[in-house]
Amino acid sequence: MPLTGRKTLTQYLIEERRRFPEASGDFNALILDVAMACKAIARAVAFGALGDVLGNHAAAAGGSVNVQGETQKKLDVLSNDYFLRITEWGGHLAGMASEEMDAPYQIPGTYPRGKYLLVFDPLDGSSNIDVNVSVGSIFSVLRAPASEDREVTEADFLQPGTQQVAAGYALYGPTTMFVLTVGNGVTGFTLDPNLGEFMLTHPELTVPADTQEFAINASNSRFWEAPVKRYVDECLAGKTGPRAKDFNMRWIASMVAEAHRILMRGGVFLYPRDSKDPAKPGRLRLLYEANPIGFIMEQAGGRASTGRVPMLGVQPEGLHQRIGLVFGSKHEVERIERYHAEPPARKDLDNPLFHERSLFRV
């Protein structure tokens, strides 16, 4: 044990590997590389304006946008580069995909290729950077195709969430945390700034099955489908309503911060499909956000869903596919799924907006 009396991330991974004597060690090394990238990002985030990393990327040239059509922040680009440069050389990866890049990233020919794929959102919630609200990084590890003598293609990454080998996130808040699942529960580590090591502080994280807290962007309520509106209305009705209990509503607009709060104390998060923009019936990215967060939630005893079907069972159709997402305390997510499964009420059938919304069914 270290002098602090706590395990380091390295020690934790070594102990996990000992349960599988045939393991090569490549997986552990990859996770440690990802953790190193997160440490580098945490340091850049912590310096803020002192490090000249705030604001939009290439602002002097009018700014730049990523493949999602979103304005890139300086830290978006820097964080993406940290992930690439710190993980590409180790020989553990066959390729990478990032929210910030249009196409898969090929491992340079000067480095060996490995048996894993890494997908990541290098800096989730970056719109909050300039106002000093917690942000984070999200990642997922998949198995690469058996052949190592070709470049990876988009199709190689289009694996359902059930195929994830590992997933996690780093939260850059008052403390920096690294939360990880390797398919055997969820474990949390806190960065010790003196040692520069992630230390095990939150073993066996679990999401309570029941909650009195929900998170949703209420400004979109006019675009919600009827089951979502019903659920939120019932929560807002409090003790005198059909749920017979009061709920609190939260909204941070930073996915990692929302997920971490729910992992720590329960709750349900909704970013459902809606009719606001027919080209984007879902807002969150399936590969970079919904699948890894969904894997973490389910490994912690929670549930993740599109509102209609389990999130981890969805077959991806594109590298940057967007989707509706509901996750958190199991009983609340199941209730939302039941509301979607029930036939619509007469009043909804008479509403022309219902028929527009019903176009979005996944």
Check for a donor-acceptor pair, side chain of [X] on one end and backbone N or O of [Y] on the other, with a separation under 3.5 Å.
X: Y172; Y: R43; result: no
X: D121; Y: E99; result: no
X: R113; Y: R150; result: yes
X: S137; Y: P122; result: yes
X: D246; Y: K239; result: yes
X: N80; Y: E100; result: no
X: S140; Y: P292; result: no
X: D156; Y: T153; result: yes
X: N128; Y: A253; result: yes
X: D124; Y: V256; result: yes

Co-membership, hydrophobic cluster, residues [X] and [Y], 4.5 Å side-chain:
X: I252; Y: V135; value: no
X: V309; Y: L284; value: yes
X: I216; Y: V333; value: yes
X: F295; Y: F189; value: no

L123 vs I129, side-chain contact (heavy atoms from CB on, under 4.5 Å): CA-CA, chis, key distance, verdict: CA-CA 10 Å; L123 196 65; I129 279 291; 4.1 Å; yes
Nearest-0.5 Å distance that lies between atom CD1 in I296 and atom CG in N291: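 So the CD1 of I296 and the CG of N291 are separated by 11.0 Å.
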Inter-residue atom distance Q212.CD - R265.CZ, 0.5 Å rounding: 12.0 Å
Is any side-chain heavy atom of [X] closer than 4.5 Å to a side-chain heavy atom of [Y]?
X: R303; Y: E298; answer: yes
X: I336; Y: H340; answer: yes
X: E16; Y: N184; answer: yes
X: Y288; Y: L319; answer: yes
X: L180; Y: L13; answer: yes
X: Q164; Y: L312; answer: yes
X: E88; Y: P108; answer: yes

Before accepting this row, confirm whether a basic side-chain N of the pair [X]/[Y] lies closer than 4.0 Å to the acidic partner's carboxylate O.
X: E225; Y: R273; result: no
X: K245; Y: D210; result: no
X: E334; Y: R338; result: no
X: R243; Y: E332; result: yes

Worked verdict on Q321 versus R285 for side-chain contact (heavy atoms from CB on, under 4.5 Å): CA-CA 6 Å; Q321 178 180 348; R285 291 77 176 175; over 6 Å; no
Check the surroundings of atom [atom1] in [X]: do more than 12 heavy atoms from other residues, nucleotides or ligands lie under 6.0 Å from it?
X: N132; atom1: CG; result: no
X: Q106; atom1: CD; result: yes
X: K39; atom1: NZ; result: yes
X: R143; atom1: CZ; result: no

Pair Y339, E234: side-chain N/O donor-acceptor within cut-off below 3.5 Å: yes
Any side-chain donor near an acceptor of the partner, E258 and Y271, under 3.5 Å: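 No, no side-chain donor-acceptor contact under 3.5 Å.
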From N217, D277, D274, residue fulfilling side chain to side chain donor-acceptor pair (under 3.5 Å) relative to R283: D274
S98, S126, S127 screened by side chain to side chain donor-acceptor pair (under 3.5 Å) with D76, the one that passes: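 Testing each of S98, S126, S127 against D76, the sole residue satisfying side chain to side chain donor-acceptor pair (under 3.5 Å) is S126.
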side-chain hydrogen bond (donor to acceptor under 3.5 Å, both in side chains) assessment of E197 paired with T8: CA-CA 7 Å; E197 292 280 358; T8 64; 5.0 Å; no
Trace of the side-chain contact (heavy atoms from CB on, under 4.5 Å) decision for E289 with L325: CA-CA 9 Å; E289 295 172 314; L325 175 60; 5.8 Å; no
Step-by-step side-chain contact (heavy atoms from CB on, under 4.5 Å) determination, L158 to L287: CA-CA 8 Å; L158 303 184; L287 292 181; 4.3 Å; yes
Mutual orientation of the aromatic rings belonging to Y231 and F214 [parallel < 30°, tilted 30-60°, perpendicular > 60°]: perpendicular
Heavy-atom closest contact (R250 atom, N248 atom, distance):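 It is NH1-CB, 3.8 Å.
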Heavy-atom closest contact (P104 atom, V152 atom, distance): CB-CG2, 4.1 Å
Given Y12, Y169, F139, the one that forms ring pair (Phe, Tyr, Trp, His ring centres under 6.0 Å) with F178: F139
